[in-house]
Amino acid sequence: MKTTFPCHHKQWVRSFIWGALILTVWDRWFRENTKGKRMRLRICVLDGDGVAVPDAMIEIWQADGEGKHNHPDDPQHVEADQEFSGFGRLPTNEHGCCTFETIKPGRVAANDGRNQASHFNISVFARGILKRLATRAYFGGDPALQEDAVMELVPKDRQSTLLLQTSTDQPGESYFEIRLCGENETVFFDV
């Protein structure tokens, strides 16, 4: 008996991401009463040649405006803002980009007791990637970067790949470019 497959394996991954995971889009995860500074976060995914990846999926996990994650395992003894979920998921468009409406995350306590700099935890899913890629996006120019325990693990010449840029064409928007490989590859963490 001969088995034939109706599509190429790359199409399977795309179909799975688009059909199973993107059924519910989380692009705006706050309500009117959510505390914190509103912002837009535009993320673009590029391959090793600098070409847009139009079929990636981006997930974001972040703290609320006070630095608390809306998760039962968060060790802080304060309640998270119930008006904010802290999780978002979007597919990239034909330009390899997606835009989240969110709030600026507060500083989160690290295991060593120091506060981490405000950041977004980002996961990238795309064709050819069998396990998610995990990275962070920090606010460039934040003085707290000097004492962030995770940033201290990153070589100085690679830290710029983890910094958000302020959008010049959209007020209130920050831009983060994820380069999957090649020159200026984004730093990814083994988590």
Side-chain angles (χ1 to χ4, degrees), residues 2-30 38-63 69-71 84-105 118-140 150-151 154 158-191:
K2 184 177 177 184
T3 304
T4 58
F5 296 98
C7 59
H8 190 272
H9 69 279
K10 287 183 180 178
Q11 293 170 303
W12 293 353
V13 172
R14 181 177 171 88
S15 297
F16 175 73
I17 288 176
W18 284 83
L21 297 177
I22 309 284
L23 289 176
T24 303
V25 172
W26 292 290
D27 65 337
R28 183 178 176 171
W29 355 303
F30 61 85
R38 305 303 197 259
M39 64 173 286
R40 283 186 308 282
L41 174 61
R42 183 168 50 110
I43 298 175
C44 294
V45 182
L46 305 175
D47 67 15
D49 295 323
V51 177
V53 179
D55 54 357
M57 181 182 72
I58 303 296
E59 286 185 351
I60 294 185
W61 177 251
Q62 72 170 88
H69 284 100
N70 192 353
H71 192 277
F84 182 71
S85 73
F87 176 79
R89 176 188 292 152
L90 283 175
T92 56
N93 61 21
E94 66 274 8
H95 305 290
C97 301
C98 58
T99 303
F100 294 88
E101 287 189 46
T102 186
I103 60 170
K104 183 176 180 180
S118 295
H119 65 276
F120 297 95
N121 294 306
I122 300 173
S123 293
V124 182
F125 301 86
R127 59 186 140 87
I129 299 173
L130 300 178
K131 182 182 173 190
R132 76 180 173 110
L133 298 176
T135 190
R136 282 186 170 194
Y138 291 92
F139 293 86
V150 174
M151 189 61 100
V154 179
R158 303 281 320 279
Q159 290 181 358
S160 64
T161 70
L162 299 177
L163 299 180
L164 292 162
Q165 304 299 316
T166 302
S167 177
T168 56
D169 57 337
Q170 294 290 327
E173 181 175 274
S174 290
Y175 171 75
F176 188 61
E177 184 175 275
I178 297 174
R179 290 189 171 261
L180 297 177
C181 59
E183 192 173 335
N184 295 322
E185 175 183 347
T186 300
V187 170
F188 297 106
F189 300 98
D190 187 15
V191 293

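Bear in mind the structure is a predicted one, so any value in this text is a computation, not a measurement.
Closest non-hydrogen pair, Ile122 versus Ile178, comes out as CG2-CD1, 4.0 Å. Residues Asp55 and Thr92 come closest through the heavy atom pair N-OG1, 3.5 Å. Across all non-hydrogen atoms, the minimal contact from Pro171 to Arg40 is O-NH2, 2.8 Å. Considering all non-hydrogen atoms of both residues, Ile103 and Met39 come closest at C-CG, 3.9 Å. Residues Gly96 and Ala52 come closest through the heavy atom pair N-CB, 3.7 Å. Nearest heavy-atom pair, Gly88 versus Phe100, reported as atom, atom and distance to 0.1 Å: C-CE2, 3.7 Å.
For the pair Arg127/Val53, a side-chain contact is recorded, criterion being any heavy-atom separation below 4.5 Å from C-beta on. Contact check for Phe139 versus Pro105: side-chain heavy atoms found under the 4.5 Å cut-off. Within the 4.5 Å cutoff, side-chain heavy atoms of Ile60 are placed close to those of Ile43. Using a 4.5 Å cut-off on side-chain heavy atoms (C-beta onward), Arg179 and Thr161 make no contact. Considering only heavy atoms from C-beta on, Ile129 comes within 4.5 Å of Leu180 through its side chain. No side-chain heavy atom of Met151 sits under 4.5 Å from any side-chain heavy atom of Val187.
The SG atom of Cys97 sits 12.5 Å away from the CZ atom of Phe176 when rounded to the nearest 0.5 Å. Rounding to the nearest 0.5 Å places OG of Ser174 at 5.0 Å from CG of Leu164. For the atom pair OH (Tyr175) and CD (Gln165), the distance works out to 9.0 Å, reported to the nearest 0.5 Å. One distance of note links NZ of Lys104 with CZ of Phe120; it measures 9.0 Å at 0.5 Å rounding. Once rounded to the nearest 0.5 Å, the distance linking CG of Leu46 with SG of Cys181 reads 10.5 Å.
Side-chain atoms of Asn93 come within 3.5 Å of backbone atoms of His95 as a donor-acceptor pair (strictly under, hydrogens ignored).
Under the side chain to side chain contact (heavy atoms under 4.5 Å, CB included) test applied with Glu173, the options Thr166, Leu41, Thr99 reduce to a single match, Thr99.
More than 12 heavy atoms of other shown residues, nucleotides or ligands fall within 6.0 angstrom of atom CG in Asp169.
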### Evaluation steps, side chain to side chain contact (heavy atoms under 4.5 Å, CB included), between Met57 and Arg89
CA-CA 7 Å; Met57 181 182 72; Arg89 176 188 292 152; 3.5 Å; yes
### Query
What's the verdict on side chain to side chain contact (heavy atoms under 4.5 Å, CB included) for Lys131 and Asp190, showing C-alpha distance, side-chain angles and the deciding distance?
CA-CA 10 Å; Lys131 182 182 173 190; Asp190 187 15; 3.9 Å; yes
### Task
Could you go through the side chain to side chain contact (heavy atoms under 4.5 Å, CB included) check for Phe189 and Val154 one step at a time?
CA-CA 10 Å; Phe189 300 98; Val154 179; 4.0 Å; yes
